[in-house]
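Inspection log for the structure reproduced underneath, given as structure tokens.
When reading the values below, keep in mind they use all heavy atoms of this one structure, side chains included, and skip hydrogens, waters and symmetry mates.
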Amino acid sequence: MASAETLYKELTAEWSKRPPNTKKCGQLLDQLKIALVKMAFLPTDGNDAQNSKKQLLLARCVLEIAVEHSVLSKDLQAFERYMSQLKCYYYDYAKIIGESDNKYKLLGLNLLYLLSGNRVSDFHTELELLSVDIIQHNQYIRPILALEQYIMEGRYNKIFQAKSSMPAEVYNYFMDLLVETVRDEIGACIEKSYEKISAKDAAKRLNLRVPDEIKVFGEKRQWKLEGNGNYSFTDRSIKPKEVLPSEELAEQVLSYARDLEMIV
């Protein structure tokens, strides 16, 4: 336990720097994970949990830093792994170790992560674990719920506006991912709604202000840029003609009519 506490103090000292040394923090986290496993910090029953309160608190604090470190490192797999481990401390051991000051900040961060990946069903599953009061009034949860509402209503301009008003700095990376997801949705709508659109109008709808940005976006979506500066979607909008089997349909209708007469 002593060695783990020493490592944790070193980690918090490094993590509190702005900006922190992510590489060194990652190394300390790796050492702490090994130290925590050696302590067998996950209790198997209530009595063990009471005896391990100090260890549980330490493990929770380490995982909270690990979650934010994974976001800073842009490691989504690590984020999912750490968040999954952390939730048991928030829900299963809350009566033993109390509620963390960072709980709703990180739960809100997880909701934003799910939303940014368009994982709506998982988003609502996580939301069901929270009380109505928290959903409606918590400073970290309420803004994320509003984002989901904007997406459902197609009010994408609100998503772009919300980017600058996130409740915590650690939310910015997932907010950038959400904006990209929204832009892809708008791009798909543009392809289906227009035969041609100017680069200027496309940039306006996508909330892209720098000319090079719409060029990069168009190349990513394989849009055809004409010499006059318009994007053409004619090839995408042409659908192959479907031959309707009129004779077969007529025979089926007559057959249904004869069967109906027999029933009546």
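- Clustering ILVMFWY residues whenever any of their side-chain heavy atoms sit less than 4.5 angstrom apart, transitively, puts V182 in a cluster other than the one holding V120.
- With no hydrogens or angles considered, no side-chain donor-acceptor pair links Y231 and R221 at under 3.5 Å.
- Atom CG of D101 has 12 or fewer heavy atoms from other residues, nucleotides or ligands within 6.0 Å.
- The OG atom of S16 sits 9.5 Å away from atom CG of L11, with the distance rounded to the nearest 0.5 Å.
- Between the side chain of R155 and the main chain of M152, no donor-acceptor pair closer than 3.5 Å is present.
- Between Y194 and R205, some side-chain heavy-atom pair lies under the 4.5 Å cut-off.
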Exercise. Begin from the C-alpha positions of K163 and D176 and carry the test salt bridge (Lys or Arg N to Asp or Glu O under 4.0 Å) through to its verdict.
Key: CA-CA 8 Å; K163 184 180 176 182; D176 287 339; 3.1 Å; yes
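- Close placement of the F174 and Y113 rings is indicated, their centers lying within 6.0 Å of each other.
- Here the closest non-hydrogen pair linking L72 and P20 is CD2-CG, 3.8 Å.
- The aromatic rings of F233 and W223 sit perpendicular to each other, their planes meeting at more than 60°, with 30° as the lower class boundary.
- Residues satisfying the salt bridge (charged side-chain N to carboxylate O under 4.0 Å, His left out) test with E219, not counting sequence neighbours, are none.
- Summarising the geometry, atom CG belonging to L107 is positioned 4.5 Å from atom OH belonging to Y91; distances are rounded to the nearest 0.5 Å.
- Applying the side-chain hydrogen bond (donor to acceptor under 3.5 Å, both in side chains) rule to pairs touching residues 135-145 yields D133-H137, sequence neighbours excluded.
- Distance alone, capped at 3.5 Å, is enough to place a donor-acceptor pair between the T125 side chain and the S121 backbone.
- Residue L115 comes nearest to L178 through the heavy atom pair O-CD1, 3.7 Å, listed as atom of the first residue, atom of the second, then distance.
- Without hydrogens or angle criteria, S84 side chain to R81 main chain gives no donor-acceptor distance under 3.5 Å.
- The main-chain N or O of E251 is never found under 3.5 Å from a side-chain atom of S255 such that the two would form a donor-acceptor pair.
- Across A4 and L32, no two heavy atoms sit closer than the pair O-CD2, 3.3 Å.
- A salt bridge between R119 and E126 is absent, with no side-chain N of the basic residue lying under 4.0 Å from a carboxylate O of the acidic one.
- The nearest pair of heavy atoms linking L106 to V67 is CD2-CG1, 4.2 Å.
- A salt bridge between K204 and D201 is absent, with no side-chain N of the basic residue lying under 4.0 Å from a carboxylate O of the acidic one.
- Residues S100 and Y89 fail the side-chain proximity criterion, which asks for heavy atoms closer than 4.5 Å.
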Practice problem: Let me see the working for L147 and K158 under side-chain contact (heavy atoms from CB on, under 4.5 Å), right down to the final yes or no. | Solution: CA-CA 8 Å; L147 291 175; K158 291 288 188 180; over 6 Å; no
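- In this structure a side-chain-to-backbone donor-acceptor pair under 3.5 Å is missing from S232 to K224.
- In terms of heavy atoms, I144 sits closest to G108 at CG1-O, 3.8 Å.
- Side-chain contact between K103 and R60 is absent, with no heavy atoms from C-beta onward closer than 4.5 Å.
- Here NZ of K23 is found 11.5 Å from NE2 of H69. Values are rounded to the nearest 0.5 Å.
- One distance of note links CZ of F217 with CD of E180; it measures 7.5 Å at 0.5 Å rounding.
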Quiz item: Going through the checks in order, is the salt bridge (Lys or Arg N to Asp or Glu O under 4.0 Å) test met by K215 and D212?
Solution: CA-CA 5 Å; K215 183 180 178 182; D212 287 345; 5.8 Å; no
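- Distance check: L145 CG to L111 CG gives 8.5 Å after rounding to the nearest 0.5 Å.
- The neighbour count for K196 NZ, taken as heavy atoms of other residues, nucleotides or ligands under 6.0 Å away, does not exceed 12.
- Checked by atom type and distance alone, the side chain of Y93 never pairs as donor or acceptor with a backbone atom of C88 at under 3.5 Å.
- Transitive grouping of hydrophobic side chains (ILVMFWY, heavy atoms separated by less than 4.5 Å) brings I135 and Y104 into a common cluster.
- Using modelled atom types and a 3.5 Å distance limit, the side chains of E64 and Y90 yield a donor-acceptor pair.
- Within a 6.0 Å radius of CD in E153, more than 12 heavy atoms belonging to other residues, nucleotides or ligands are found.
- Within the 4.5 Å cutoff, side-chain heavy atoms of N207 are placed close to those of R209.
- Under the 4.5 Å side-chain heavy-atom criterion for Ile, Leu, Val, Met, Phe, Trp and Tyr, V216 and V179 are members of distinct hydrophobic clusters.
- Side-chain N or O atoms of N172 include one that pairs as donor or acceptor with a backbone N or O of E169 at under 3.5 Å.
- To the nearest 0.5 Å, the span separating CD on Q77 from OG on S70 amounts to 11.0 Å.
- Annotation for S116 and L177: closest pair CB-CB, 3.9 Å, computed over non-hydrogen atoms.
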Self-check item: Trace of the side-chain contact (heavy atoms from CB on, under 4.5 Å) decision for L127 with E148
Solution: CA-CA 11 Å; L127 208 59; E148 194 260 350; 6.0 Å; no
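- Annotation: Y173 is not in aromatic contact with F79 [ring centroid separation under 6.0 Å not met].
- With hydrogens and angles ignored, the 3.5 Å screen pairs a side-chain donor or acceptor of Y171 with a backbone N or O of K105.
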Practice problem: Step by step, work out the side-chain contact (heavy atoms from CB on, under 4.5 Å) result for M83 and L109. | Solution: CA-CA 10 Å; M83 198 68 224; L109 180 66; 6.0 Å; no
Self-check item: R183 vs F160, side-chain contact (heavy atoms from CB on, under 4.5 Å): CA-CA, chis, key distance, verdict
Solution: CA-CA 10 Å; R183 282 205 177 105; F160 298 131; 4.0 Å; yes
